[in-house]
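The next block holds one structure in the form of structure tokens; read it before the comments.
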Amino acid sequence: MEIDLKTPARPEDVLAFVGAILAGESNLNANLANIVAVLNQYLPRINWVGFYLLEAHSKDWVLGPFAGKPACTRISPSRGVVGKALQNRQALVVDDVREFPDHIACDPDSRAEVVVPVVVEDRVVAGLDVDSPYLKRFGPEDVTLLEAVCGQLADSWPYAHWY
Ligand code: SME
């Protein structure tokens with residue numbers, strides 16, 4: 001894409017970039033992949049960013065587009081940081097994953113994590129997960145940005161993936 005941002009980027013610029021991605025394409029997989037690429041490039045001090053998507057028949061959260069080391073492919077409802085955040089339908093920040101009893105370790109370097117739900121028509125259809133090798137990496141400003149990204153994504157969520 002032609003947009004280029006400085007790193008770390010201003011939140012409003014990241015949101016403008018995501019808006020341009022969503023305005024230019026309707027394919028969900030392509031858009032998730034490019035949103036991951038934007039966040040991976042412009043969020044400092046992270047080691048993994050990606051989506052987990054609701055699988056309709058199992059209700060599991062299944063790995064979608066991501067950047068980082070290979071990750072667990074399937075998370076049962078309510079399991080791990082991902083399942084807990086999406087069950088509660090709200091962002092969950094974990095300052096130290098080793099203190100989170102049900103944390104699912106994918107990359108041993110990860111020390112902090114944030115998960116934000118994507119809510120479409122009152123249903124959680126996906127989660128955006130970001131990991132960092134730094135303790136207490138994620139604060140309110142990160143949650144605000146990631147919630148805004150997920151809000152933009154929800155607004156353009158395609159009917160074919162609306163469970
Ligand atoms: N740590 C997550 C699993 C996904 S990975 O971080 C990519 C969890 O506890 O749900």
How far does [atom1] of [X] sit from [atom2] of [Y], to the nearest 0.5 angstrom?
X: Asp96; Y: Tyr134; atom1: CG; atom2: OH; value: 15.5 Å
X: Leu128; Y: Ile35; atom1: CG; atom2: CD1; value: 8.5 Å
X: Asp131; Y: Arg111; atom1: CG; atom2: CZ; value: 12.0 Å
X: Cys150; Y: Glu147; atom1: SG; atom2: CD; value: 8.0 Å
X: Asn34; Y: Leu22; atom1: CG; atom2: CG; value: 9.5 Å
X: Leu28; Y: Leu53; atom1: CG; atom2: CG; value: 6.5 Å

So, for [X] and [Y], which heavy atoms are closest and what is the spacing to 0.1 Å?
X: Val94; Y: Val81; answer: CG2-CG1, 3.8 Å
X: Pro11; Y: Leu145; answer: O-CD1, 3.8 Å
X: Phe138; Y: Val93; answer: O-CG1, 3.5 Å
X: Glu55; Y: Ser58; answer: OE1-OG, 2.5 Å
X: Ala91; Y: Val116; answer: CB-CG2, 4.0 Å
X: Trp61; Y: Pro77; answer: NE1-CA, 4.2 Å

Does the side chain of [Y] come within less than 4.5 Å of [X]'s, by heavy atoms?
X: Phe17; Y: Ile21; answer: yes
X: Asp95; Y: Leu135; answer: no
X: Ile75; Y: Tyr52; answer: yes
X: Leu43; Y: Leu146; answer: yes

Item to check | Sequence-distant partners of Asn27, side-chain hydrogen bond (donor to acceptor under 3.5 Å, both in side chains), two or more places apart | outcome: none
Next on the checklist: As a quick check of understanding, evaluate salt bridge (Lys or Arg N to Asp or Glu O under 4.0 Å) for Glu113 and Arg137, giving each step before the final call.
Outcome noted: CA-CA 8 Å; Glu113 182 164 3; Arg137 160 64 184 83; over 6 Å; no
Checklist entry - If you group Ile, Leu, Val, Met, Phe, Trp and Tyr by side-chain heavy-atom gaps below 4.5 Å, do Val62 and Val115 land in one group? => result no
Item to check | Partner residues of Phe66 under the ring-ring contact (aromatic ring centres under 6.0 Å, His included) criterion, sequence neighbours left out | outcome: Trp48
Item to check | Qualifying residue, where the test is side chain to side chain contact (heavy atoms under 4.5 Å, CB included) with Val124 and the options are Leu54, Asn88, Leu86 | outcome: Leu86
Next on the checklist: Donor-acceptor check, side chain of Asp107 to backbone of Asp109, threshold 3.5 angstrom: yes or no?
Outcome noted: yes
Item to check | Test item: Gln152 side-chain N/O and Leu15 main-chain N/O as donor-acceptor pair under 3.5 Å | outcome: yes
For [X], all residues meeting salt bridge (charged side-chain N to carboxylate O under 4.0 Å, His left out), sequence neighbours excluded:
X: Arg98; value: none
X: Glu12; value: Arg10
X: Arg89; value: Asp122

Checklist outcome for this item: So side chain to side chain donor-acceptor pair (under 3.5 Å) across residues 76-86, not counting sequence neighbours, yields Arg79-Asp102
Item to check | Pair Val14-Leu39, side-chain contact (heavy atoms from CB on, under 4.5 Å): steps then yes or no | outcome: CA-CA 8 Å; Val14 173; Leu39 295 176; 4.0 Å; yes
Checklist entry - Using a distance-only test with no angle check, is there a side-chain donor-acceptor pair under 3.5 angstrom linking Glu141 and Thr144? => result no
Item to check | Pair Ser110-Asn47, side-chain donor/acceptor within less than 3.5 Å | outcome: yes
